[in-house]
*Asks:* 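This is the structure I want to talk about, given as structure tokens.
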Amino acid sequence: SSSAAAFAPALFTTKSHTIQSTKNRKATPAFVPRMSAVESAEETFEFQAEVGRVMDIIINSLYSDRDVFLRELVSNAADACDKRRFLSLTNDAAASAESPCIRIKPDPIANTLTIEDTGVGLTRDEMNNNLGRIAQSGTKAFMEAMDSKDLNLIGQFGVGFYSGFLVADKMEVISRSMNSKNGEVYKWTSQAQGGSYTITEMPADAAEEIGTKIVLHLKDDASDYLESSKIESLLQKYSEFIEFPISVYKEKTAYEQVPDEEANAKLEEGEEPKMKTVPIKSEGFEQLNNQKPIWLRSPKEVTEEEYTEFYKAAFKSSYDDPMAKTHFVLEGQVEARAILYIPGMLPYELSKDMFSDDSKNIRLYVRRVFINDKFEDLIPRWLKFIRGVVDSSDLPLNVGREILQQSKVLQIINKRLVRKSLDMIRDIEAADDDGASYIQFWNNFGKYLKVGIVEDGDTYKKELAPLLRFFSSKSGEEYTSLDKIVEGMTDAQKENKKIYYVTGEGLSKAKMSPSIEKLAKKGYEVLYMTEPLDEITIETLSSFGDYKLVDANKDGAFDDDSDEEAKKEKEEATEQLSDLIDYLEMELGEKVKSVKISKLLSESPAALVQGAYGMSPTMQRYMQMQSVAMGEGSLPGMGSMNQAILEINPDHPVIKELNGIVKGAGTSGPIEDETFANKVTLLYDVAAMTSGYEVSDPAAFAKRVVQLMSTGATVSDAVVEESTANVEKDDAASDDGDDAITPEVM
């Protein structure tokens, strides 16, 4: 990590030094050292004026959460420990030392927080070159990188160390390097707004062992970082899986049983001495990161119990066991390790909002350092329910390890996570003999797969389509799949190359669609789209294999030019009912786009269908609600754009009766018969209701039904003869209430 430059000096090289001694001032330096008059062993280096602006950017702009200072400094300490371990292979002194570790000590009295490691340490020159990294890289170049917003370049400046100034107004670094021949100890000191820093040679006993100690003199508003509990919570969040021991200095309380002297003062001979519990307080370092990152182990070495335990601990899911998990390693272009889980139940935060920002589904680590759990580009949002850990050493990081730059590495990881997630889902489906487990998965997470087709259909449509589940006209209360629909097709439907579906608000309303009658006559199985997302999904999918997905409520869905006999029958019926068709179009006016003959309705007298590019009634209502919710009111032109087509059944008694009345009237104008007009309007209302539309005027609809139930009576007569009429209406309602809104009542 470039921000770990302070503790990995060998990782950075530079062609020219911007630090100059007082003996050589021919060039204009970025900062100028001057010998302190107080102590010859101390040197002060002044930054350029631009550095003040750089520091302001670092403190106020690049970090959105100042808690990350601890993550940065602990990560740097871990880098130093890792380097010492590596160098110990060739350095006898390092090899003989104890295993490197990190210690953190808050001191409320001194108002300081000390972060100490036993890593590789720093020499005086390394302090100059690495702790002055901004100046060494050039403030001008840094500012240019900020202006270009090239976040990947910002990481090259190694300013992670300076995140300490988010909480401190003064920082001290005391270090003894393992490369120092005589064990010299140096101290680097800088104020947040001072514009300079000093390097001082310290007595040898200032650092008893090789390593680095950072002392943060905290600001007045950062006193909460003096609490051990606060430090512990941040370490558990960011540095839980650092491989080197991290210990925090804290006060500990133990309880011991001791004799109760007061109670035992009058103890009789032979009696058991009475005991009491007393608190024993002590102070010392306590190691925090005892949990090992299981993703770094071989999958063969991890038990199912360990996977489950890790899932519950990492994702606070104590109430459910994961349905599935996968543990894998990416090799080749990208090196990363990951564990993914499918939860056993829908996480609480997703039950309120399926894309909730509070859902922390994928925890991203870089070299075991926690980076982020809200990184949207790591996995698409339609897999928001997947839980997991990804640890990569190849991801480029910007300053603070806080915002990841889009990169080829990230794209590769993203694709692999999606593939592995889909593999887990397919495994649940394949291993489910009775279908119960997959239906449990579908009820919890099926809507996410639908969103996947809508948002990522071009890439994953073919893989997601077989995983979809719907109700159908032949599946009863059970779900079916598109594969099963194809398997159960009649020969005629296979030749037709179409899978039909109908829409409705809920299963019961979808079943009411008159289009079911059309398809039942042909022996076709119909899919039920019971919510707006279903309809959007199926329209995006558009086809499944060789079969086109067709809305049965669309005009022309059943046209078959090859069936000459059906075509001839339809033409003859159109000619016979031409007067009625003309009258219905005139009477209904703008309510319908046109009136047509349908030879495929069997039980219903009429149905409403949309044009080929029209919007279903369910989708119309959904779009209207969305518009109102966004404060835009009703959508303009919604009615005119979605005028339905009224299809009538020429063989139905109601249509024959209406046709006889029109022919008998012998006029092309309006028929002055209120009962007849009510029947025509009721024909439209019932067709609308059964086709999924809402009746625009329920009160008028009720009056028309009541009038037809009262034989020979007008609405006004029913009102005048109130007592008698009410009895008649009550009797009629009890006898025929179930059929009152069906076409047969006419």
Side-chain angles (χ1 to χ4, degrees), residues 320 322-326 328 340-347 350-351 354-355 359 361-362 379-388 414-489 499-501 503 507 510 525-550:
D320 73 300
M323 290 191 71
K325 58 100 178 64
T326 181
F328 58 95
L340 300 179
Y341 296 93
I342 294 178
M345 61 193 304
L346 184 67
L350 296 181
S351 66
M354 68 182 293
F355 302 118
S359 177
N361 56 325
I362 302 293
I379 196 168
R381 73 173 191 151
W382 54 272
L383 288 174
K384 188 83 170 179
F385 63 93
I386 296 291
R387 296 287 184 259
N414 177 291
K415 289 181 179 179
R416 183 59 66 88
L417 294 184
V418 173
R419 297 293 179 192
K420 288 294 184 179
S421 297
L422 292 176
D423 286 345
M424 280 195 293
I425 298 171
R426 281 190 286 262
D427 288 344
I428 294 175
E429 182 189 36
D432 193 12
D433 295 332
D434 60 359
S437 295
Y438 190 75
I439 294 306
Q440 179 187 349
F441 165 83
W442 180 257
N443 288 334
N444 284 329
F445 311 115
K447 56 187 176 182
Y448 289 94
L449 303 191
K450 297 175 187 176
V451 173
I453 286 181
V454 174
E455 296 186 344
D456 246 344
D458 292 341
T459 307
Y460 298 109
K461 181 164 58 177
K462 290 183 179 179
E463 294 179 78
L464 288 172
L467 300 173
L468 299 178
R469 294 294 183 271
F470 302 101
F471 292 108
S472 81
S473 57
K474 293 183 179 180
S475 68
E477 299 299 320
E478 303 293 331
Y479 283 109
T480 189
S481 65
L482 293 173
D483 282 318
K484 288 184 179 179
I485 292 287
V486 172
E487 289 175 10
M489 279 184 175
I499 299 174
Y500 293 98
Y501 66 89
T503 62
L507 184 59
E525 185 172 5
V526 189
L527 291 174
Y528 294 141
M529 303 293 116
T530 57
E531 56 184 40
L533 181 56
D534 288 347
E535 189 172 348
I536 299 171
T537 301
I538 213 74
E539 288 181 355
T540 304
L541 192 59
S542 72
S543 64
F544 180 71
D546 297 330
Y547 299 91
K548 186 178 180 181
L549 295 163
V550 178

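Numbers for residues simply follow the sequence, beginning at 1.
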*Asks:* Leu527 and Ile499: which non-hydrogen atoms are nearest, and at how many Å?
*Replies:* CD1-CG2, 3.9 Å
*Asks:* Could you check whether any side-chain heavy atom of Tyr438 comes within less than 4.5 Å of a side-chain heavy atom of Leu467, counting everything from C-beta outward?
*Replies:* yes
*Asks:* Taking the side chain as C-beta and beyond, is there a heavy-atom pair between Val454 and Trp382 under 4.5 Å?
*Replies:* no
*Asks:* Under the side-chain contact (heavy atoms from CB on, under 4.5 Å) test against Lys450, which residue among Glu455, Glu531, Arg469 passes?
*Replies:* Glu531
*Asks:* Would you please test Leu541 and Leu464 for side chain to side chain contact (heavy atoms under 4.5 Å, CB included) and show each step?
*Replies:* CA-CA 10 Å; Leu541 192 59; Leu464 288 172; over 6 Å; no
*Asks:* Once you round to the nearest 0.5 Å, how far does CG of Leu340 lie from NZ of Lys420?
*Replies:* 9.0 Å
*Asks:* Quick one: side-chain hydrogen bond (donor to acceptor under 3.5 Å, both in side chains) partners of Arg416, sequence neighbours excluded?
*Replies:* none
*Asks:* Short question: side chain of Asp320, backbone of Gly344 - any donor-acceptor pair under 3.5 Å?
*Replies:* yes
*Asks:* I'd like to know if the side chain of Tyr448 reaches the main chain of Met354, judged simply by a donor and an acceptor atom lying under 3.5 Å from each other, with no hydrogens or angles considered.
*Replies:* yes
*Asks:* Between Pro466 and Ser481, what is the shortest heavy-atom contact and its length?
*Replies:* O-CB, 4.4 Å
*Asks:* What is the ring orientation for Phe445 with Phe385, classed by angle as parallel under 30°, tilted 30 to 60°, or perpendicular over 60°?
*Replies:* parallel
*Asks:* Should Ser421 and Ile379 count as side-chain neighbours, where that means a heavy-atom distance under 4.5 Å?
*Replies:* yes
*Asks:* For Ser543 and Leu549, work out which heavy atoms get closest and say how close.
*Replies:* N-CD1, 3.8 Å
*Asks:* Do NZ/NE/NH1/NH2 and the carboxylate oxygens of Lys484 and Glu525 come within less than 4.0 Å?
*Replies:* no
*Asks:* Of all heavy-atom pairs between Ser472 and Ile485, which one has the smallest distance, and what is that distance?
*Replies:* CB-CD1, 4.3 Å
*Asks:* Just how far is it from atom CD1 of Ile536 to atom CE of Met529, taken to the nearest 0.5 Å?
*Replies:* 12.5 Å
*Asks:* Set out, in order, the CA-CA distance, both residues' side-chain angles and the distance that settles side chain to side chain contact (heavy atoms under 4.5 Å, CB included) for Leu533 and Val451, then state yes or no.
*Replies:* CA-CA 8 Å; Leu533 181 56; Val451 173; 4.1 Å; yes
*Asks:* Could you go through Asn443 and Tyr479, starting from their C-alpha distance and side-chain angles, then the distance that decides it, and tell me whether this counts as side chain to side chain contact (heavy atoms under 4.5 Å, CB included)?
*Replies:* CA-CA 11 Å; Asn443 288 334; Tyr479 283 109; 3.4 Å; yes
*Asks:* Mind checking whether Pro380 and Asn414 have side chains closer than 4.5 Å, heavy atoms only?
*Replies:* yes
*Asks:* Kindly compute the distance separating CG (Leu350) from CG (Asn444), expressed to the nearest 0.5 Å.
*Replies:* 10.5 Å
*Asks:* Begin from the C-alpha positions of Thr326 and Asp423 and carry the test side chain to side chain contact (heavy atoms under 4.5 Å, CB included) through to its verdict.
*Replies:* CA-CA 9 Å; Thr326 181; Asp423 286 345; over 6 Å; no
*Asks:* Taking C-beta and beyond as the side chain, do Leu507 and Glu477 meet within less than 4.5 Å on heavy atoms?
*Replies:* yes
*Asks:* Could you grab the distance from atom CD of Glu535 to atom OG1 of Thr537, nearest 0.5 Å is fine?
*Replies:* 10.0 Å
*Asks:* Taking the ring centre of each residue, are Tyr528 and Tyr501 less than 6.0 Å apart?
*Replies:* no
*Asks:* Say you draw a straight line from CD1 of Ile453 to CD of Glu539; how long is it, rounded to the nearest 0.5 Å?
*Replies:* 13.0 Å
*Asks:* Indicate the atoms forming the closest heavy-atom contact of Ser437 with Met323, along with that distance.
*Replies:* O-CE, 3.4 Å
*Asks:* Give, for atom CG of Leu422 and atom CG of Leu417, the distance between the pair rounded to the nearest 0.5 Å.
*Replies:* 11.0 Å
